[in-house]
Amino acid sequence: MFSYYFKLGVRSLRRNPALTALMVLTLAIGVAASVSTLTILHMMSGDPIPQKSDRLFVPIFDVAPVDNYNPAEKLRENQVTYPDVMNLLKSGQGVRRTGLYGISAPIEPPRKDLPAFSAQGVAPTRDFFAMFDVPFVRGQAWSAQDDERGADVIVLSRAIAEKLFGEANPVGQRINVMGFPFTIVGVTDKWEPKPRYYKLVGGEQFGDGEEFFIPLGSAIRHETTHNGGMNCSERSDPGFEGKLRSNCTWLQFWFETGSSGDRAQLQNYIDSYAAEQRKLGRMKRAAPNRLFNVTEWMQEREVVDKDTRLSAWLAFGFLLLCLVNTIGLLLAKFSVRAAEVGIRRALGASRREIFRQLLIESAVVGLAGGVLGLVLAFGALALIGMQSSEVASLAHMDLTMLAFTFALSVLAAVLAGLLPTWRACQVTPAIQLKSQ
């Protein structure tokens, strides 16, 4: 019976083609607006590294002064200080560890036809690349010895490598960064989805794929400042070394454990470490020490900001408005079929059968609206992706969102069809037979 009613629903699309087109277009616009927005939200809030997100952890300590201390207040900083990074790197905890901070620096191309340009980068330790599954198209990460001596080596993104050297292999070549010669040891491939990763590990949104990586020790040796600057209210002019040694230079630190079950052991370690630092007078507050995995860190850093979430709600509001319009159009469509319903009722059809038939017809309209809405959503995502290559990595649908698009359109049409279908089922057969 369902297949029969479905065929009737498909055939009914040809009745009142103008009215049907309006319904399908109304649903399609509402679905496209909500789905394209939700796709971006879904891709941004998704787990960027699901294979190990429960094994990567960020520790946070409270090193703020005790003045006006309120135990209930949220931590002012979401990074750790340089002394803590150096201590944690030597701790031996976990299977890998990395300390890092975001930097920006001028790059002087070896080609005379290219002017110098500024690029953003990250200054991590070697384990960073393995911890975050950074793919390499050429070369590899620098060695542990390079980390120890702060060697002037650099890993380029594919975009910068092609900009400087074209299709040639740049590994082993030298380029000037911050006025110093750096040897290229590797080239990273496209690292997707970049916006989520970079907000997690770099602290800043990067440019259109033009980024680089240098050892943490090298960045410190060349006194490369943090992207976010250095806040040193404790000392008037401590200089670069003084800033590093004091509690006013913020870096990020990550642990990778062997399994998610090692979290409790790692928490015990950072609690013991913080207690030791309090005895030394570095950490003066009795605030709890926090440990975040990747998904918790995304929430803490607000990778999906409030404006993006608000736009999703606005898209749903627009879909609701489209549903109201669809209800009116379905009322008009089903009202002209009162005679048909009356005759069917007189011939023995129950209200339940009439309700089922018209509701399936509403679902067919929703399915048609879903197909058109999917086309419009792809177009909207393509336009969004053209605005920025970073957003382009998020502006695409996966199977989950494809299925959600059709489910949303059919559900919207069925909800919109409930009132018109119920009204149509209230037709009195005797009145329709007499009038017709």
Side-chain angles (χ1 to χ4, degrees), residues 47-63 75 77-102 122-136 140-150 155 186 188 191 196-203 213-220 244 249-278 280 282-283 287-301 303:
D47 191 343
I49 187 166
Q51 68 273 20
K52 58 168 62 175
S53 61
D54 60 347
R55 296 189 287 115
L56 295 173
F57 297 98
V58 175
I60 297 296
F61 307 104
D62 192 343
V63 296
L75 290 178
E77 300 292 343
N78 54 18
Q79 295 180 310
V80 293
T81 63
Y82 173 80
D84 295 322
V85 168
M86 294 298 103
N87 291 335
L88 295 178
L89 283 174
K90 301 173 184 176
S91 67
Q93 295 296 310
V95 294
R96 294 188 181 98
R97 298 160 297 282
T98 187
L100 57 107
Y101 68 103
V122 173
T125 54
R126 180 178 185 271
D127 279 351
F128 168 86
F129 300 98
M131 289 175 69
F132 292 96
D133 294 342
V134 181
F136 279 81
Q140 58 188 354
W142 52 78
S143 66
Q145 291 74 21
D146 291 333
D147 258 342
E148 292 177 3
R149 56 193 178 90
V155 171
T188 64
W191 189 28
R196 288 182 292 164
Y197 266 118
Y198 289 157
K199 214 165 186 182
L200 285 176
V201 301
F213 307 85
I214 62 174
L216 176 63
S218 177
I220 292 172
L244 290 177
T249 300
W250 301 101
L251 288 80
Q252 196 173 123
F253 195 88
W254 286 82
F255 287 105
E256 180 182 345
T257 60
S259 69
S260 58
D262 295 335
R263 178 170 186 164
Q265 178 182 346
L266 185 58
Q267 181 70 57
N268 290 334
Y269 170 78
I270 67 170
D271 288 341
S272 300
Y273 171 78
E276 179 183 341
Q277 295 301 307
R278 289 191 187 100
L280 297 175
R282 285 192 60 248
M283 298 181 186
N289 310 298
R290 305 290 302 278
L291 196 64
F292 301 88
N293 62 23
V294 171
T295 53
E296 294 166 350
W297 189 237
M298 288 177 67
Q299 296 173 1
E300 177 72 12
R301 294 297 301 271
V303 171

Atom pair [atom1] ([X]) and [atom2] ([Y]), whose distance is rounded to the nearest 0.5 Å:
| X | Y | atom1 | atom2 | result |
| --- | --- | --- | --- | --- |
| Thr125 | Arg96 | OG1 | CZ | 11.5 Å |
| Thr257 | Leu266 | OG1 | CG | 7.0 Å |
| Gln93 | Gln265 | CD | CD | 6.0 Å |
| Met131 | Ile49 | CE | CD1 | 9.0 Å |
| Arg263 | Phe292 | CZ | CZ | 9.0 Å |
| Ser272 | Gln267 | OG | CD | 10.0 Å |

Candidate pair Ile270 and Phe57, rule side-chain contact (heavy atoms from CB on, under 4.5 Å), full reasoning: CA-CA 11 Å; Ile270 67 170; Phe57 297 98; over 6 Å; no
Parallel, tilted or perpendicular: ring planes of Phe128 versus Phe132, cut at 30 and 60 degrees: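 The rings of Phe128 and Phe132 sit tilted, inter-plane angle from 30° to 60°.
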Whether Phe255 and Tyr269 hold their rings parallel, tilted or perpendicular, with breakpoints at 30° and 60°: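 Phe255 vs Tyr269 ring planes: perpendicular.
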Closest heavy-atom pair and its distance - [X], [Y]:
| X | Y | result |
| --- | --- | --- |
| Ala123 | Ala219 | CB-CB, 3.6 Å |
| Arg278 | Asn289 | NH2-OD1, 3.7 Å |
| Ser91 | Arg97 | OG-CD, 3.8 Å |
| Ile60 | Val80 | CA-CG1, 4.2 Å |
| Glu256 | Leu56 | CB-CD2, 3.6 Å |
| Asn293 | Ser53 | CB-O, 3.6 Å |

Worked check of side-chain contact (heavy atoms from CB on, under 4.5 Å) between Trp297 and Gln252: CA-CA 12 Å; Trp297 189 237; Gln252 196 173 123; 3.9 Å; yes
Pair Phe129 and Trp142, ring centroids less than 6.0 Å apart: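 They qualify: ring centres under 6.0 Å apart.
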Flag side-chain contact, heavy atom, 4.5 Å: Leu216 against Pro124: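 SC-SC contact between Leu216 and Pro124 ruled out.
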Heavy-atom side-chain proximity of Trp254 to Leu100 below 4.5 angstrom: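 Result yes, sub-4.5 Å side-chain heavy-atom pair found.
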Distance-only side-chain donor-acceptor flag, Asp84 / Gln277, under 3.5 Å: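 The criterion, which ignores hydrogens and geometry beyond distance, is not satisfied for Gln277 and Asp84.
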